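In what follows, a structure is listed as structure tokens, so that the remarks can point back to it.
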There are 2 protein chains.
Amino acid sequence: MSQPKIARIDQSKLRESAYDALHEAFTRGAFAPGETVSLRTLADQLGTSMTPVREAVRRLVAEGALVDTPSRTLEVPPFDADRMRELKSARLALEALLLEEAMDRIDKDVITGLEKIISAPRSETGTPDLKQNYDFHFTLYRQSRSRVILPLVEALWLQYGAFLNLVVREQAAGEIPEHIHHEEIIAALRDNDRKSAQRSLALDIERSFKLLLPES
Amino acid sequence: MSQPKIARIDQSKLRESAYDALHEAFTRGAFAPGETVSLRTLADQLGTSMTPVREAVRRLVAEGALVDTPSRTLEVPPFDADRMRELKSARLALEALLLEEAMDRIDKDVITGLEKIISAPRSETGTPDLKQNYDFHFTLYRQSRSRVILPLVEALWLQYGAFLNLVVREQAAGEIPEHIHHEEIIAALRDNDRKSAQRSLALDIERSFKLLLPES
DNA sequence: TTGCGTGTGATCTGTGATATTTTATACCAT
DNA sequence: ATGGTATAAAATATCACAGATCACACGCAA
């Protein structure tokens, strides 16, 4: 029994490419809540036919990033404070589980990687570092090797991502020091201090929603 | 501006019908872990073309009820104890949140409805009352009016559903008294005793996994 | 002869594109 | 305002294609 010497070529799979492109756009806050999108437009922009886009869109709908309207168009869910509160409590519950699992397995190299992520030069454009924040959390969560909860959390971030679009404008005024909690988390990881790590993560999640849920 | 007097018949939407049919089949434990399914076969059985089935299947994949294989076929995820443990902790975390919200809003009529569900005649066929269990939990959870967490929990049940197929055979031997915890939950709802309701729900979820995760 | 690996082809699969049908909305005339 | 029509979009069906699987026969070696 010989092991394969060469890797499989990852054939076509336009559906995956389309999904990846849209996923990236969502985490970037490229879509505004309430905005409607058209399959044909997306297909044109991606340079494919409607079929792969449709399947990618079906997945996004299943994940809550898009919703079907009664008139059979697609729209980015409009802002909704109740939904936002649910996103927050779901994130608090599930990301705590991921952190717990991750701390069972994480090694020094990954922690160093996390430090590298947050110490990367902040973007010069004045836009908040959405991608940096995403990368920090998910390289941490991926250490959990979770195959059930991690996809759920990805879906939550996807829903949350659209709302970030609303925040980007006033971000400069908000001046949220997001890296503070990230540094606390890294320190706790080094000390293997679970309590402290959980507390810092919870604070970081709370922080994420401060601008969108001012009352809390 | 006149309001429509009669409800729309939700014609067409074959995609939704296909999804509903498959969803029902999963919660019924109709599919066995490891089993492969074919778009054409499903389309034939449902009496539609491949297209609606394909989109329904895309959603099921997004929810984790089906997975794509490297050879581009579809299969029901094979049994996996790690996945099972994740399902359990995710259910414990999220359903606790739903119960909390539900207890803020539930009224007497719904509690009576819950009693009616569990007092319905147990199926004569010897098969466990999967649907009865499903209906009990979700009529309760629906009271939370959740639009974020509830779909996540549905997805978890969908993944869990396939594994139930494995249990059905030995169920008679297991002889699990599932209605015990359900009755405790109802009593706690009547007393508005949150602590007790949460405890009973957790026990009920633990019970669900007893046969599949004997070690715990 | 027996056993095992190998190639072959029929048949199945998902994928992607496109044609057809259905529905919703905007527009225009009345 | 009302009603009909035109237009555009989504939903569905159908088709062409490339890859994967399986059964089976063939050939070589022990």
Side-chain angles (χ1 to χ4, degrees), chain A residues 1-23 31 34-78, chain B residues 1-23 31-78:
Chain A
M1 173 84 47
S2 70
Q3 290 294 339
K5 300 282 191 306
I6 56 175
R8 298 179 62 92
I9 57 170
D10 182 2
Q11 70 201 21
S12 12
K13 301 224 284 189
L14 290 189
R15 184 211 312 143
E16 293 301 320
S17 310
Y19 175 81
D20 290 344
L22 292 173
H23 184 285
F31 292 101
E35 186 178 350
T36 71
V37 299
S38 138
L39 290 182
R40 282 178 168 76
T41 305
L42 292 177
D44 285 348
Q45 292 177 0
L46 294 169
T48 73
S49 156
M50 282 175 59
T51 311
V53 176
R54 209 157 58 206
E55 302 189 21
V57 160
R58 274 308 122 203
R59 178 169 170 191
L60 290 167
V61 171
E63 293 170 337
L66 291 172
V67 294
D68 292 308
T69 67
S71 60
R72 309 203 298 178
T73 60
L74 293 162
E75 73 168 16
V76 182
Chain B
M1 171 89 43
S2 70
Q3 290 293 339
K5 299 283 190 306
I6 55 175
R8 300 184 59 92
I9 57 170
D10 68 11
Q11 65 194 31
S12 53
K13 301 224 285 189
L14 290 189
R15 183 209 313 144
E16 292 301 320
S17 309
Y19 175 82
D20 290 345
L22 294 173
H23 185 285
F31 292 102
E35 186 178 349
T36 70
V37 298
S38 134
L39 292 182
R40 282 181 173 80
T41 305
L42 292 177
D44 284 349
Q45 291 176 1
L46 295 169
T48 73
S49 153
M50 281 174 60
T51 311
V53 175
R54 226 149 81 187
E55 302 190 24
V57 160
R58 275 308 121 203
R59 177 168 170 190
L60 290 167
V61 171
E63 293 171 336
L66 291 171
V67 294
D68 292 309
T69 68
S71 59
R72 308 204 301 180
T73 61
L74 292 162
E75 75 168 16
V76 183

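None of the values given here were measured: they were computed from a predicted structure. Reminder, nothing fancy here: chain letters follow the sequence lines and each chain counts from 1.
Rounded to an integer number of Å, the gap from CG of A/Leu14 to P of D/dC17 is 17 Å. At whole-Å resolution of the value, CG in B/Leu74 and P in C/dT13 are 11 Å apart. Put simply, CD on A/Glu75 is 12 Å from P on C/dT25, counting in whole angstrom units. As rounded to whole Å, 6 Å separates atom P of C/dT15 from atom CZ of B/Arg72.
The side chain to side chain donor-acceptor pair (under 3.5 Å) pairs that include a residue from residues 37-47 of chain B are B/Ser38-B/Thr41, where partners are two or more places apart or lie in different chains.
Nearest heavy atom pair, residue B/Pro77 against residue B/Val67, reads CG-CG1, 4.0 Å. In this structure, A/Ser49 and A/Pro52 approach most closely via the heavy-atom pair O-CD, 3.3 Å. Residue A/Leu22 comes nearest to A/Ala56 through the heavy atom pair CD1-CB, 4.5 Å, listed as atom of the first residue, atom of the second, then distance.
Between A/Pro70 and A/Thr48, the residue anchored closer to the 5' end of DNA chain C is A/Thr48, taking for each the nucleotide with the nearest heavy atom.
Between D/dA11 and B/Arg15, a contact under 4.0 Å exists linking OP1 or OP2 to a side-chain N or O.
Near-neighbour residues of DNA chain C inside residues 50-69 of chain A, defined by a heavy atom below 4.0 Å, number-ordered: A/Thr51, A/Pro52. A heavy-atom distance below 4.0 Å to DNA chain C is reached by these residues of residues 36-47 of chain B, ordered by number: B/Val37, B/Ser38, B/Leu39, B/Arg40, B/Thr41.
Between the CG atom in B/Leu14 and the CG atom in B/Leu46 there is a gap of 9.5 Å [rounded to 0.5 Å]. Taken from CZ in A/Arg59 to CD in A/Glu16, the straight-line distance is 6.0 Å, to the nearest 0.5 Å.
B/Glu55 meets the salt bridge (Lys or Arg N to Asp or Glu O under 4.0 Å) test with A/Arg54, A/Arg58, B/Arg15; sequence neighbours excluded. In this view, A/Ser71 and A/Thr69 satisfy the side-chain hydrogen bond (donor to acceptor under 3.5 Å, both in side chains) rule, not counting sequence neighbours. Every residue two or more places apart in sequence or in another chain that forms a side-chain contact (heavy atoms from CB on, under 4.5 Å) with A/Pro78 is listed here: A/Glu75. B/Asp20 is linked by a side-chain contact (heavy atoms from CB on, under 4.5 Å) to nothing, counting only residues two or more places apart in sequence or in another chain. The side-chain hydrogen bond (donor to acceptor under 3.5 Å, both in side chains) search around B/Thr51 returns none, not counting sequence neighbours.
Of the candidate nucleotides C/dT18, C/dT25, C/dG14, C/dT25 has the atom nearest to the side chain of A/Ser71.
Across its full length, the helix from C/dT1-D/dA30 to C/dT30-D/dA1 shows an angle of 0° between the axes of its 5 terminal pairs at either end, rounded to 10 degrees.
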### Task
Report the C-alpha separation of A/Leu74 and A/Thr36 in whole Å, then their side-chain angles, then the decisive distance to 0.1 Å, and conclude whether the side chain to side chain contact (heavy atoms under 4.5 Å, CB included) test is met.
CA-CA 6 Å; A/Leu74 293 162; A/Thr36 71; over 6 Å; no

Taking N or O atoms only and anything under 3.5 Å, show me the protein contacts with nucleotides 5-8 of chain D, one pair per line.
none

